[in-house]
Every structure is written in C-alpha cells, then in structure tokens.
Amino acid sequence: MTHDEIKSRFTETDPRRLERLWRQANELRRRHVGDEVHLRGLVEISNHCVRRCAYCGISARRTDLKRYRMSRDEVLDCAREARRLGYGTVVLQAGEDPRLTGQWVAELVRSIKDQQGLAVTLSLGERPAEELSLWRSAGADRYLLRFETSNEELYARLHAGEDRGLADRLAVLRELRRLGYEVGSGVMVGIPGQTYDDLARDVRMFEELELDMIGLGPFIPHEATPLAAEPPAPHDQAANTELMARKMIALARIARPASNIPATTAIATINTADGREMALECGANVVMPNLTPPEYRPMYEIYPAKACIAETAEHCSRCIRGRIAAIGRKIGTGHGDSPSYLHRHAKV
Ligand code: SAH
C-alpha cells in the first residue's frame, strides 16, 4: 500500500468499501494466524512511574495518585491464576518504575517460567539494554513498547520535559529485536494534534520495524492529564473513534499479516457492547483479560472508565470465551507466538 492508499482509508465512509476493507483484513487474519484467539493474562504490577507522558493517567505528574507495587508472591499468584484459566501467556505491565530492579524482574520471570511454563511478555517501559538482556536470558519471550506516534514533533510534545525522544524509543525497539524478543509496539489513534498523514506513516513504521505484535487503541482523554485540555484540533485531526481504531487494526493486519494484534481494552472501553468482537472481525486475533488483583485496579487508571475494571478474573475469562465462541472463533492453545517471529527464528 502506498501512503496515499493508506491515508484514503481513514476518510472512507462508503459502507460497501468499508465492508471490503474489513473482509480483506479478516481474510488475511484467517489465512496467516488462523481462527484461534490467544488469551494473555494482564497483570499491572506497579503504577509507579518516572515518566511524564501527557496522555497517561499514571504519569509522574499525578502527585495525587496513590501508588502501589505488587510483591513477588502476589505476581506469582496471578501467574498461577493465568495458568488455571487456560491462558498461554502472562503479561507483566507497569509504569516506568526503576524500583522494579533488573534482578527482581529477572528472578520473577525465571520463577514464572519454572512454575507455570507460560510465555512471559514484559511491558515495563524504556529500560537499559543490560536489563532487557538480563530479562531475555531469564526467559522473557516478548516485550511491548508502543512508539505512540511516528510524528517526532508530536511525540516530543507528548513527552515535554523529558530528555528522551522518539529516536530513543525506536532504538529500544531495535535493541529488543536484536536480543531475540518477539517485539510488540503500536500507537494511540486520535491523539490531539495527530493527523491522517501521521497515522498513514505509523502504518509504514509497523512495516519498517517488522513488528510481531501491534497494539492499537483510541486515545481516551483523562481529565487529570494536560492532554485533556488541548486546544481545538486541526481540520484533519484524526478522530479517536472506534471506527478509526478499527481502520487502523485492518491496515495493520494488511501491513503485517502474520503479526499478533490484540482487541484492546481501550476499544472495549469506548464500545462496551461489542468493541472486542468488532476488532476481532477486522484483523485482531488476541485478547488480554485483566488479572490484576481487584484492590489495585482502580489505581492503574491510564485512562478513565476502563472496561471490565470491576470484574473478577473468573468472570472476565467466562465473558471473553463467550464472546469469542459467539463470533465462531476458537480459543488459542499453546503460547500463541506470532508466525512472523517463528519464521524469523526458523522454528517452523
Ligand atoms: N509504561 C508502559 C506500559 C503502560 S502504558 C509503557 O509506557 O510502555 C500502556 C499503553 O497505554 C501506552 O503505550 C499507551 O499507548 C496507552 N495509553 C496511555 N494513556 C492512554 C490514554 N489516555 N488513552 C488511550 N491509551 C492510552
């Protein structure tokens, strides 16, 4: 797809042509990653963060926010729960929290691998190469780090007051690749100041980075963050709607047909009725049910009114299985590695 071909999809309103886009993405999904929907148990292990991201509700700017950090045993209990519920992967996510030390995380990863045999995904922000290497040696399989936007200037605005820019984030993504991680990244759709040209360039970036996983969701303003009070947008401001997020998912599937693409909680948040199903039917093939202990969930409020926040792990599992079955798909078995990764490492 050329830049203009990608861009034209964002302004497309013709129902028949949109239907064709969903069908094309859904067909590529079926052909390259099959009908299985892989479940990853998400554990939000700490909401401490040293970064000042203008969009995020747990940034260091939030001096009023109560902070927590889970203990090793609490995380191991969640991993046990993931296994019991039949999930193939546990995802450990947090703010950028240096007190989650290299050694502590490495031991945690080793214990989860030993005890449960699950695939382990880390999403702990930009960390030094030595730590990423240590965690990889301890058995971590995958790493998630969104680049948020490929527009360098917009990225700088979102991370004002920090000494790290887009180039630093992309360097971490390349380091993760070099270390043999399955690499996941992605963007928010509809960030104030983001245009359709930007989104089209984001899709090209998915290709350039040869991503194995692509996480996409609408930007959801959080009133306690500076971005919620942004001035009026330019006329080609990308919309932070479900439709735009679905277009992005479909285009990501077309750009990287063998990657894993989650139907994210952000999409489920702006369409609680059937946002996940809609995403699964236009290219997505992964769901990440939340396994964070209920007492911590309200404190991991990246954006407001997060879907499923009050649900138990048991309830989430049952609900999501029902939704997957209802659209004629199957629950994934095994770790659910992306074929793009397996091909690169010649495991198939
Ligand atoms: N600290 C880690 C992981 C937690 S944030 C990191 O930054 O990588 C996980 C993702 O949530 C971010 O990458 C961002 O794309 C998304 N996010 C943050 N704030 C959001 C908001 N207000 N609306 C929608 N998505 C948001």
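Numbering of ligands and ligand atoms starts at 1, following listing order.
Annotation: atom 20 (C) of ligand 1 to nearest protein heavy atom, I302 CG2, 3.5 Å. Here the protein heavy atom with the shortest distance to atom 9 (C) of ligand 1 is Q93 NE2, 3.8 Å. What sits closest to atom 15 (O) of ligand 1 on the protein, heavy atoms only, is E148 OE1, 2.6 Å. Distance from atom 26 (C) of ligand 1 to its nearest protein heavy atom, with residue and atom name: M188 SD, 3.4 Å. Of the protein's non-hydrogen atoms, A94 O, 3.3 Å is the one closest to atom 2 (C) of ligand 1. Distance from atom 8 (O) of ligand 1 to its nearest protein heavy atom, with residue and atom name: L145 CD1, 3.7 Å. Closest to atom 22 (N) of ligand 1 among all protein heavy atoms lies I220 O, 2.8 Å. Protein heavy atom in closest approach to atom 24 (C) of ligand 1: P218 O, 3.3 Å.
Stacking of R169 on the aromatic ring of Y155 is not recorded, the 6.0 Å distance cut-off and the 45° axial limit not both being met.
Looking at ligand 1, you won't find any N or O of G95 less than 3.5 Å from one of its N or O atoms. Close N/O approach between R146 and ligand 1 is found [any backbone or side-chain N/O within under 3.5 Å]. For the pair Y55 and ligand 1, the shortest N or O to N or O distance falls below 3.5 Å.
Shortest non-hydrogen contact noted between E44 and L42 is OE2-CD2, 3.7 Å.
Side chain to side chain, N260 and D212 fail the donor-acceptor criterion of an N or O pair below 3.5 Å. Using a 3.5 Å distance cut-off with no hydrogens or angles, the side chains of Y300 and Q93 do pair a donor with an acceptor.
In this structure, R51 pairs ionically with E126, as a charged nitrogen and a carboxylate oxygen lie closer than 4.0 Å.
The closest approach between G217 and ligand 1 stays at or above 4.0 Å for every heavy atom of the residue.
For Y196 and H3, the gap between ring centers reaches or exceeds 6.0 Å.
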